[in-house]
Every structure is written in C-alpha cells, then in structure tokens.
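Okay, so here's the structure we're looking at.
In this chain, residues are counted from 1 in sequence order.
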Amino acid sequence: MTTTPTTATVTRAEYCVIACAEAWRDNGEVLASPMGLIPSFGARLAKRTFSPDLLLTDGEAMLVGLDGTAEGWLPYRRHLTMVTGGRRHVMMGASQIDRFGNQNISCIGDWQRPARQLLGVRGAPVNTLNNPVSYWVPKHSTRVFVERVDMVSGVGYDRAEAAGVTRFHHLPRVVSDLGVFDFGGPGHAMQLASVHPGVTVEEVRAATGFELTVAEEVPYTREPTPDELRLIREVIDPEGLREREVRG
C-alpha cells in the first residue's frame with residue numbers, strides 16, 4: 001500500500017467525485033449520462049477540466065452548458081441513435097452487482113415473487129450492450145456486491161460473452177464509497193483498482209460478497225488538484241450536498 005496522502009482536508013465524498021469524473025477521461029464527444037448526485041458532479045468536473053468535449057444534458061431533452069443553460073435540443077430519436085452507436089457513457093446505480101458486472105435494479109429475491117420490487121430493468125440491457133456503462137454505489141456492502149444477482153438488469157462480461165454480444169459491451173469502472181474497481185481480473189472479473197484514503201484493502205474485502213481480485217500493491221485514489229477541489233467546493237457543489245451522500 002502507498003503512503004498516506006498529505007491532503008488531509010479532502011473528504012471521502014470529494015475522492016468519490018474525482019473517481020467518478022475519471023470514468024469520462026479521454027471519452028471525447030460523447031453524451032455523459034450520470035445517474036445520481038456524485039456521478040453528476042463527476043461529469044461536470046470532467047467537462048470543466050480534462051474532458052471538455054463531453055456533452056451534458058438536463059436529464060430530459062436539452063443539451064446544456066457548464067452553467068446549465070440550454071445549448072440545443074436532443075430529441076429522443078437522436079438520443080437513441082447515440083446510445084446504439086456507442087456515443088454515450090452512462091454511470092448507473094446498482095442495487096446488486098456481481099464479480100462480472102451483472103447488475104440488478106429490478107427486484108430482490110425470486111423474480112416471480114420478489115421480496116422487494118425496485119425500479120425495474122428499464123434501459124439497462126440496451127445500455128450495457130450498446131455503449132460504455134460504469135456504476136456508482138454510495139454504500140459498499142455485501143448486500144450490493146453479491147456472488148449472484150437476483151435478476152440481471154445490466155449485462156455483465158460473462159453473460160455478454162456467452163450470448164456473443166461483446167462488440168460494443170464495455171464496463172469501464174465501478175466506484176463505491178470505499179474504492180474504485182475495474183474488470184481486469186481473470187475472465188473479466190472485478191478487481192480492486194484503488195482504495196480511497198482512509199480505507200484498507202481488508203475493509204473492502206470484508207464488504208464484498210465475492211472473492212475480489214486484488215494486486216499486491218493497491219494505490220490510493222488520486223488526489224484532486226487544487227483547481228479541481230476549488231471547482232467542486234465553490235462552483236459545482238457550493239452547498240456541500242456531496243457530504244450528505246457519502247460520509248467519510
């Protein structure tokens with residue numbers, strides 16, 4: 001493990017914003033579709049810094065600028081064209097996710113008689129098979145990171161390969177309040193890419209319901225630059241809403 005970072009004032013929530021922003025690095029002119037507070041802050045930070053060509057939306061039918069001002073109309077048919085053409089990178093949530101990236105946002109328990117009904121499959125299958133999809137999990141636990149999801153909403157690497165639909169399938173990263181993960185393990189299994197400062201590898205393993213691939217040396221999630229920290233605190237989220245979603 002690397003030494004403890006010196007920027008002690010950076011909060012866990014701010015590391016999460018940085019980690020989410022990194023998902024869109026070098027994406028070029030694609031539609032960023034963050035679902036959730038921290039991912040939204042991450043996408044806006046990425047556009048203001050290292051990914052200026054990102055396209056942001058108001059979540060409905062307009063392309064917006066950095067200040068939220070409408071810049072153009074995005075009709076649904078055009079949105080679908082971007083999806084099926086791979087020109088969108090979504091960061092979704094996950095009620096459950098397994099080692100190969102299969103995601104569940106539909107139900108908990110047997111789908112024929114679930115113990116809990118959730119959002120439903122929604123557009124997760126189309127998202128995962130047609131454009132890059134990352135995930136954000138604000139509370140990392142064995143209830144979310146599971147050996148087997150109760151129902152597949154978003155398609156993971158093993159199922160995509162079994163179905164022969166891997167051409168556009170890509171899951172760049174998973175960000176949680178404990179660390180960052182990718183699918184560079186054996187057979188595209190999830191592996192620990194970094195831990196947030198203040199978190200240990202042992203804590204991550206204990207909060208994960210499957211055997212996680214872990215390298216001998218796991219780095220810390222990168223530090224925000226002074227300008228990135230200023231943007232997060234003074235421009236993007238001056239009200240500090242990020243601290244309500246992730247408490248360090």
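- Salt-bridge formation is detected for the pair D237/R242: a Lys NZ or Arg NE/NH1/NH2 atom is positioned less than 4.0 Å from an Asp or Glu carboxylate oxygen.
- Within a 6.0 Å radius of CZ in R222, more than 12 heavy atoms belonging to other residues, nucleotides or ligands are found.
- Using a 30° and 60° split on the angle between ring planes, Y157 and H169 fall in the perpendicular class, above 60°.
- Residues L171 and I97 share a hydrophobic cluster, clusters being chains of Ile/Leu/Val/Met/Phe/Trp/Tyr side chains in contact below 4.5 Å.
- Between R148 and N102, the side chains place no donor N or O within less than 3.5 Å of an acceptor N or O (distance only, hydrogens not considered).
- Of the charged side-chain nitrogens involved, none lies within less than 4.0 Å of a carboxylate oxygen, so that E228 and R48 do not count as a salt-bridged pair.
- Hydrophobic clustering (ILVMFWY, side-chain heavy atoms < 4.5 Å, transitive): V155 and V126 are in distinct clusters.
- More than 12 heavy atoms of other residues, nucleotides or ligands shown are found within 6.0 angstrom of CZ on R230.
- Using a 4.5 Å cut-off between side-chain heavy atoms of Ile, Leu, Val, Met, Phe, Trp and Tyr, with links allowed through other members, I108 and L119 fall into different hydrophobic clusters.
- If you chain together hydrophobic residues whose side chains sit under 4.5 Å apart, V90 and W24 never meet in one group.
- Donor-acceptor pairing under 3.5 Å is lacking for the side chains of Q117 and W111.
- Classification of R99 and E211 as a salt-bridged pair fails, no side-chain N sitting under 4.0 Å from a carboxylate O.
- Y135 and M91 sit in two unconnected hydrophobic clusters of ILVMFWY residues. Membership requires side-chain heavy atoms under 4.5 Å apart, directly or through other members.
- Ion pair R233/E14 flagged as a salt bridge, since at least one NZ, NE, NH1 or NH2 atom sits closer than 4.0 Å to an Asp/Glu carboxylate oxygen.
- With hydrogens and angles left out, the side-chain atoms of S134 and H89 include a donor and acceptor closer than 3.5 Å.
- Ring geometry for H140 against F145 counts as parallel: the plane angle stays under 30°, on a 0 to 90° scale with 60° as the upper cut.
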